[in-house]
Amino acid sequence: MAQAGVYGPRLGRRLQLEDPPSLITRSLRSAELAVTETRNDDPVEGLSGSFPSEDAYLVSLKFRDYPDCECWEHGRCVIKTDVRGGATYLYDLKRDPRYVIDKPFHSIFFYLPRSALDDIAKQAGAPRVGELAYQPGIGHDDAVIRHLGASLMEGLRRPDETNQLFVDHAMLALTAHVAQTYGGLKRNTEPTRGGLAPWQEKRACERLESDLAGKISLEQVAAEFGLSVSHFSRAFRISTGLPPHQWLLRQRVKAAKQLMTVRELPLSEIAISAGFANQSHFTRVFSSVVGVSPGAWRREALGAKDNET
C-alpha cells in the first residue's frame, strides 16, 4: 500500500533527504500519525519540493537556527524571517508550504491529519476543531512540544528499542495539545471518570504483560474493551497509577529481576527475555528505574541469597 501522509520518505524527498527516520502510530482510530527527523548539514541550494494538497498539518520543532528563512505558500514568498532553534512552527498542507533551502537544517516534523483533530474533539464531546491558528514563519515557544520532541528523538535514534505504547501515548498527547493550544479545543472540565473495572484492569495487564517487547499498540488493547485510546489510557492510569508504557517498563524490570536470580543466565539473554532490545537498552532502563545497574543489583541480590543459605 502506498504511503498517503507527509512523513518519512515522502517528506524527505521534498527536503533533499533519502530516507529520514520516522515513527508511526494509529493511536486514533481514523488517523495515522507520524514524526520524522529531518537533518541535512550540507544541502544543495534550492526551493523545497511541493506537497500535494491535503487537509493536514505539519508541526515542526526546530533544533537549530535558520536565519533569513524564505517561506512560501500557494506558490509565492509570504515572509522572510529568522527561524529560531527550540521554537515550534506550523504548516498547513492545503497551502503548499515550502521554503528556500540554502543552509544546514535540523528539525522534527509531526504529521497531523484533520481526522486526528476530529477524533480528539469527538472523544472530548466538543465541537469540531477549526483551522489551526498560526502565521507562516512565526514560531511559538511551546514547552510541551519541546518535551515531547526530545522524548521521541530517543525513539527515532534507537527504533529497535522503541516502546510502541510510548509512541502511541506521546502522539496522542501531542494531538490533544495542538488541538487545545492552536485549534481552540476546550479542555474537558467534567470530573475525571473512574478507572477500569477490576476485570478490565486484570485483562489489560495480562494483555500488556504477554508482550514485554511492547510491540502491541494502545489501539489494539483499547479496542478489546470498546474504549477510545484516550479513555483507556486515562482509566488505566487511574487504576494502576501509571500510564501503560510506564507500567510495561516496570514489568520488564520485574521480569529481569526474577531472571537475574539464576546465576548461570548472562545479562544479554536476560535482556532479550525481559523484552529489551539488547543489553545496552536493558542497562539504561534498569538503571533509571532501580537506581543501580543490573550487574550491581545482581551482585547484591545473590550475595543476600548466599547469606541466607
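- When the side chain to side chain contact (heavy atoms under 4.5 Å, CB included) test is applied to Lys122, no partner is found at least two apart in sequence or on another chain.
- Note on Leu259: it clusters hydrophobically with Val292, by side-chain heavy-atom contacts below 4.5 Å among ILVMFWY residues.
- Closest approach of Arg298 and Val262 over heavy atoms only: NH2-O, 2.6 Å.
- A salt bridge is defined here as a Lys NZ or Arg NE, NH1 or NH2 lying under 4.0 Å from an Asp or Glu carboxylate O, and Glu224 with Arg207 meets this definition.
- Across every non-hydrogen atom of Phe109 and Leu15, the tightest pair is CE1-CD1, 4.0 Å.
- One hydrophobic cluster, built from ILVMFWY side chains closer than 4.5 Å, holds both Leu17 and Val83.
- Smallest separation of non-hydrogen atoms from Ala34 and Tyr7: CB-CG, 3.4 Å.
- Partner His140 forms a ring pair (Phe, Tyr, Trp, His ring centres under 6.0 Å) with one of Tyr182, Tyr89, Tyr134 and no other, that one being Tyr182.
- Residue Phe105 is not grouped with residue Trp72 when hydrophobic side chains (ILVMFWY) are merged at heavy-atom distances under 4.5 angstrom, including chains of intermediate members.
- A salt bridge (charged side-chain N to carboxylate O under 4.0 Å, His left out) check over residues 35-48, counting only residues at least two apart or in different chains, returns the pairs Arg39-Asp41, Asp41-Arg64.
- Criterion: ILVMFWY side-chain heavy atoms under 4.5 Å apart, direct or through other members. Under it, Val78 and Leu58 are not part of a common hydrophobic cluster.
- The line from CG of Asp65 to CZ of Arg84 is 8.5 Å long, rounded to the nearest 0.5 Å.
- One side chain, Ser50 or Asp96, offers a donor N or O that lies under 3.5 Å from an acceptor on the other.
- For the pair Asp68 and Lys80, the salt-bridge criterion is not met [side-chain N within less than 4.0 Å of a carboxylate O].
- Between Arg114 atom CZ and Asp55 atom CG the span is 5.0 Å, to the nearest 0.5 Å.
- Placement of Leu132 and Ile138 in two distinct hydrophobic clusters is found when ILVMFWY residues are connected by side-chain heavy-atom separations under 4.5 Å, directly or transitively.
- The heavy-atom pair separating Phe110 from Gly149 by the smallest distance is CZ-CA, 4.1 Å.
- No salt bridge links Arg284 with Glu154; every basic N to acidic carboxylate O contact stays at or beyond 4.0 Å.
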Show the atom names and distances, to 0.1 Å, of all donor-acceptor pairs under 3.5 Å that link a side chain in residues 265-279 to residues at least two apart or in another chain.
unit_1	atom_1	unit_2	atom_2	d
Ser273	OG	Glu269	O	3.0
Asn278	OD1	Ser280	N	3.2
Asn278	OD1	His281	N	2.7

